[in-house]
Protein chains: 2
Amino acid sequence: MPKRKERGAATVTILDVARHAGVSPMTVSRVINGHSYVGEEMRQRVEASVKALRYTPNLAGRSLRSSGSARIGVLYSNPSAAYLNQFMLGVLEQGSQSGSQLLIEKCSGIRSQRAATERLLAAGVDGVILPPPLCDSRSAVEELESAGVPVVAVATGSPMDGVASVRIDDYQGARAMTRYLLELGHRDIGFIKGDPQHTPAALRAAAFFDTMKEAGLAVPPGRIAQGLFTYRSGLAAAEQLLKAPNRPTAIFSSNDDMAAAVVSVAHGLGLHVPEELTVTGFDDTPVATTVWPELTTIHQPVAAMARAAMVLIQDEIRRKRSGRPKAATHQVMKFTLVKRQSSASPATSA
Amino acid sequence: MPKRKERGAATVTILDVARHAGVSPMTVSRVINGHSYVGEEMRQRVEASVKALRYTPNLAGRSLRSSGSARIGVLYSNPSAAYLNQFMLGVLEQGSQSGSQLLIEKCSGIRSQRAATERLLAAGVDGVILPPPLCDSRSAVEELESAGVPVVAVATGSPMDGVASVRIDDYQGARAMTRYLLELGHRDIGFIKGDPQHTPAALRAAAFFDTMKEAGLAVPPGRIAQGLFTYRSGLAAAEQLLKAPNRPTAIFSSNDDMAAAVVSVAHGLGLHVPEELTVTGFDDTPVATTVWPELTTIHQPVAAMARAAMVLIQDEIRRKRSGRPKAATHQVMKFTLVKRQSSASPATSA
DNA sequence: CTGAAAGCGCTTACAG
DNA sequence: CTGAAAGCGCTTACAG
């Protein structure tokens, strides 16, 4: 005697749907997954049953049968808590959806990096995702790839050949922001550079300079400050820029943490943001909506990028298992310019 | 002919371990799960094999067989991006570990709350987790429970009878912080209250007052400011407290966002933190380590609380399925006082 | 204390 | 275009 229905709560399975629609479970499966050719009439019958029974597939069952049950590692360092949270959110979301198992390893410094890599390999990972700044670590990539483990680099400014990557176009992002500031009427714009060790920092700076140049505007050295992507470095950079004899009407910071610092310093100097000073950031991390005024910034879809990285790594794993060559896809995701309260046209009296 | 081994990568299964150890898969399963009585010699043999083969169980397989494959809803409103990220991280972690499926619904206002609840019920959730501030919504709890769906409330200041909850002891947390400030030598301490709509806010305030009173210290009304847990409200509160004729030597803010605002205002007034003003927060969200100086605060283990909530809801679901009564466990997790750079003894010249 | 059998929900080949 | 069979990796009863 089958005991399929012993539980109190009726869990609708693919079999229930099949029975309801008067077809085989296979057909239901095909409809759900949008696979191959299914007769139009059947498709509709199945879809109606799915709806009527409120069926949602059990992912455990699916991933058990499909080869989705990969073991995926995430190796990170230098944790900006906010970024990492968002990133891991995407990774976990996609992971639980596809039934993959995740192994998270943190490292700091080259020695612990090697140890962490070893641990991942020992645990039998099928693929590894590298969020920034490890996405640019040749040593990490090489150690993993030479062990036959595919890698996906996330948010790198310079994707490596043969290594899959997901990123936004940092250059175009910074260009869009600079153009926006120009459109607002700003001509005298300060810029805070990011950590030179991080590849996207250079792209953001280059885009700023190029766009200013195209607009026929010179950027004197006094309008540039070096930052390290930290709030603290942003404080110093802001003071440098704002204590100049005649300050700029806008400051474009290479990330949000530093932009938040600029807002704080401006406030301290009695400058109203955005009436007397426009401040913009980059990344749209949670701090952008925490500070007041909220920051105009370039939204980097961190969670979506993490999800995309999971999809890419799973594809590489599948390819490897079936003996196909690497795809090494370079995926570029869309950024968006988010206008909030920290930006405005310069005061006419400036 | 079995095709168990067709894949290139050798995925170690429980069967491999069983063969290696010369026992049945059942015995391996029992050892792994620490179940029932297994002969000591066998246990060791199995454990050795697990290690030798680097076996890690496939969670999809496990959750398919066990009744772990519950469908769990998370209903949230009023998103503090940082808090929610951390919270979801914990939920997803636990969810993927136990093979549960997650349904996330956001709502704002009572009308959309009802709609979101309906959607969860329509999707056939087996249980729902309510992060703050929905953890205190009687209407949400009642609607779900009356539909027979168990609920776990997270971070509520006043747990309801018969509804499972996970929280920290906000009163003791604020008490610990106040004592710490007193130990540092502060006597004149300002306090910023949180949103009165959130139940923990009152507990934190009460603990501050009680502890000051016990120390024989009066808290004049001018030392208290009302906040709403937002950075913006913290700016206003900080100005109110710091522009008083003789300002306090320390300000205890009911959360980190407002404390970050205090630091910014202090900086603006030319006050050095912590030399001239100690600032402390509550929660230890990412902003606490973003600002400079980094905030001394009470660490609330948000991700761990989310994980605990998942475990509780799964327990309730299991109970319900097997016809047992609700457990309605109230779990209190430990907070920790994290000392960072924003606090110090008051200047002797103060 | 240990194991042989059956089945969780789904999808991959293989037939038609 | 559709379906019957088999099996993904694991654990729940049921026997011994």
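Proteins come first, then strands; the chains are lettered A, B, ... in the order of their sequence lines, and each starts at number 1.
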Seminar exercise, completed: Taking C:dT2, D:dG3, D:dT11 as options, the one with an atom nearest any side-chain atom of B:Ile14 is D:dT11

Seminar exercise, completed: Among the nucleotides D:dA4, C:dC10, C:dG3, whichever has the atom closest to the side chain of A:Met26 is D:dA4

Exercise. Which listed nucleotide (C:dT2, D:dC10, D:dT2) is nearest to the side chain of B:Thr13?
Worked result: D:dC10

Exercise. To the side chain of A:Ser24, which of C:dG3, D:dA4, C:dG9 is closest?
Worked result: D:dA4

Seminar exercise, completed: Atom CD1 of B:Ile32 and atom C1' of D:dC10 are separated, to the nearest Å, by 9 Å

Exercise. Does a side-chain N or O from A:Thr27 land closer than 4.0 Å to OP1 or OP2 of D:dT2, or not?
Worked result: no

For this session: For A:Tyr83 and A:Met88, run side-chain contact (heavy atoms from CB on, under 4.5 Å): C-alpha distance rounded to whole Å, both residues' side-chain angles, the deciding distance at 0.1 Å, then the answer.
Result: CA-CA 9 Å; A:Tyr83 185 93; A:Met88 291 310 303; over 6 Å; no

Problem set entry | Nucleotide nearest B:Tyr55 (side chain, heavy atoms from C-beta), chosen from D:dC10, C:dC10, D:dT2 | D:dC10

Exercise. How close or far is atom P of C:dA15 from atom CZ of A:Arg30, stated in whole angstroms?
Worked result: 15 Å

Exercise. Which whole-number value in Å describes the distance from A:Arg19 CZ to D:dA4 P?
Worked result: 13 Å

Problem set entry | Any side-chain donor near an acceptor of the partner, A:Ser139 and A:Gln113, under 3.5 Å | yes

Exercise. So, are A:Glu93 and A:Arg307 salt-bridged, with charged N and O less than 4.0 Å apart?
Worked result: yes

Exercise. Have A:His330 and A:Ser165 got a donor and an acceptor in their side chains that come within less than 3.5 Å?
Worked result: yes

For this session: Measure the shortest side-chain to side-chain distance between B:Thr156 and B:Val163 over non-hydrogen atoms and say whether it is less than 4.5 angstrom.
Result: no

Exercise. Between C:dG3, C:dT11, D:dG3, which nucleotide gets closest to the side-chain atoms of A:Pro25?
Worked result: C:dT11

For this session: Rounded to the nearest angstrom, tell me the gap between atom CZ in B:Arg43 and atom P in C:dG3.
Result: 14 Å

Exercise. How many Å lie between CG on A:Leu15 and P on D:dG3, as a whole number?
Worked result: 13 Å

Problem set entry | Closest to side chain of B:Val23, choosing from C:dG9, D:dG3, C:dG3 | C:dG3

Exercise. So which nucleotide does D:dT2 pair with, by the Watson-Crick or G-U wobble rule with both distances under 3.5 Å?
Worked result: C:dA15

